[in-house]
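Lettering follows sequence order; numbering is per chain, from 1.
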2 protein chains.
Amino acid sequence: MSKLAAILRQQGYKLTPQRRAILGVVALSQEHLSPAAIYTEVHRKHPEVGRVTVYRTLEILVRLGLICEVHTGGKEHNFILRAREDHHHHLVCSGCGRVVDFASCHLERLERKLSRETGFTIDEHMLEIHGRCPQCTGGEK
Amino acid sequence: MSKLAAILRQQGYKLTPQRRAILGVVALSQEHLSPAAIYTEVHRKHPEVGRVTVYRTLEILVRLGLICEVHTGGKEHNFILRAREDHHHHLVCSGCGRVVDFASCHLERLERKLSRETGFTIDEHMLEIHGRCPQCTGGEK
DNA sequence: TTACAAATGAAAATCAGTTTCATTTATATT
DNA sequence: AATATAAATGAAACTGATTTTCATTTGTAA
């Protein structure tokens with residue numbers, strides 16, 4: 001039984017085949033999780049799993065703090081596995097859409113300063129850098 | 001003629017009664033603006049103004065840089081009046097939606113490093129910090 | 001086994017936002 | 001003031017993600 005499954009079980013949730021399938025995909029996912037992507041992936045192997053169940057399972061995972069939502073601005077919800085220690089951001093090419101991850105953002109100093117000056121408790125930050133990759137730099141739009 | 005109206009006019013946009021009404025509400029608003037809230041407010045006094053026009057007007061204001069979007073996580077879009085023309089970011093309270101501007105982000109070093117390592121030409125960055133303001137820190141939700 | 005609360009999924013509902021398109025209108029030009 | 005016309009409007013239909021409803025199924029503890 002996977003680690004995620006064990007935690008669910010332990011918290012009193014039933015371990016259905018659908019949930020197992022969803023947890024499997026979530027656990028393996030290295031990227032951001034959108035409900036749609038998870039549904040597509042899960043549904044390919046287990047056509048008996050419905051969209052609603054994906055949403056409900058993600059809801060549970062959020063409630064248990066195993067994944068957390070990132071607010072990317074689009075209309076989809078996006079989640080990331082919380083266990084992952086590798087906090088990272090994206091460098092997006094506005095030419096071809098290529099995305100490069102990067103980890104170091106060194107915003108801690110800034111966050112501490114802001115916290116001190118405003119009294120805010122800082123939870124998270126969203127950083128995205130836009131530019132053009134080498135292939136797109138010379139060219140058109 | 002209000003300042004916002006003058007700018008619109010100057011940019012070649014027609015000054016319709018609907019737009020005047022919307023600009024009036026936007027100009028007075030101290031908090032962040034959701035399309036729904038603006039529609040409700042405008043529609044109370046001018047029932048002839050439709051939802052679509054609110055969306056379209058907000059779109060223009062964004063295009064002109066007079067308001068900018070903040071990502072608060074809900075499904076609604078949220079905008080704030082952009083008083084300042086210089087580069088700045090937002091610290092958003094996830095409790096009450098209060099927005100504090102801040103200017104220093106010191107991402108130049110990071111951008112140079114990324115540029116060197118990836119070959120990207122960096123154009124801009126998007127940074128938004130989320131947390132809870134002093135009033136919302138102790139409490140519920 | 002059995003009992004039953006929990007879980008499921010098809011379909012309908014919601015909700016913010018967008019698109020379509022026939023009609024109206026602000027504004028520049030006579 | 002009258003006219004021409006591109007821009008603007010709004011009702012209604014649409015979209016796409018998410019949520020709700022509800023009849024049916026199913027883990028799991030007893």
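Going from atom CD1 of Ile38(B) over to atom C1' of dG17(C) covers 14 Å, rounded to whole Å. The nearest whole Å value for the distance from the OH atom in Tyr39(A) to the P atom in dG16(D) is 16 Å. Gln10(A) has its CD atom 21 Å from the P atom of dG27(D), to the nearest Å.
With hydrogens and angles ignored, the 3.5 Å screen pairs a side-chain donor or acceptor of Thr57(A) with a backbone N or O of Thr53(A). When atom types are taken as modelled, the side chain of Arg19(A) and the backbone of Lys14(A) share a donor-acceptor pair closer than 3.5 angstrom. Although no hydrogens or angles enter the test, the distance criterion places no donor-acceptor pair under 3.5 Å between the side chain of Ser115(B) and the main chain of Glu111(B).
When heavy atoms are screened at a 4.0 angstrom cut-off, Arg56(A) is found touching base atoms of the nucleic acid. At a threshold of 4.0 angstrom between heavy atoms, the contacts of Pro47(A) with the nucleic acid are absent. Nucleic acid contact class of Arg9(B) (heavy atoms, under 4.0 Å, all strands): sugar-phosphate only.
Under 3.5 Å, the side chains of His87(B) and His125(B) contain a donor-acceptor pair of N or O atoms.
Between dT19(D) and Tyr55(A), no contact under 4.0 Å exists linking OP1 or OP2 to a side-chain N or O. A sub-4.0 Å separation between OP1 or OP2 of dG10(D) and a side-chain N or O of Arg51(B) is absent. Contact annotation: Thr16(A) side-chain N/O to dA6(C) OP1/OP2 distance is not under 4.0 Å. In this model, the phosphate group of dA8(D) is not approached by any side-chain N or O of Gln18(B) to a distance below 4.0 Å at OP1 or OP2.
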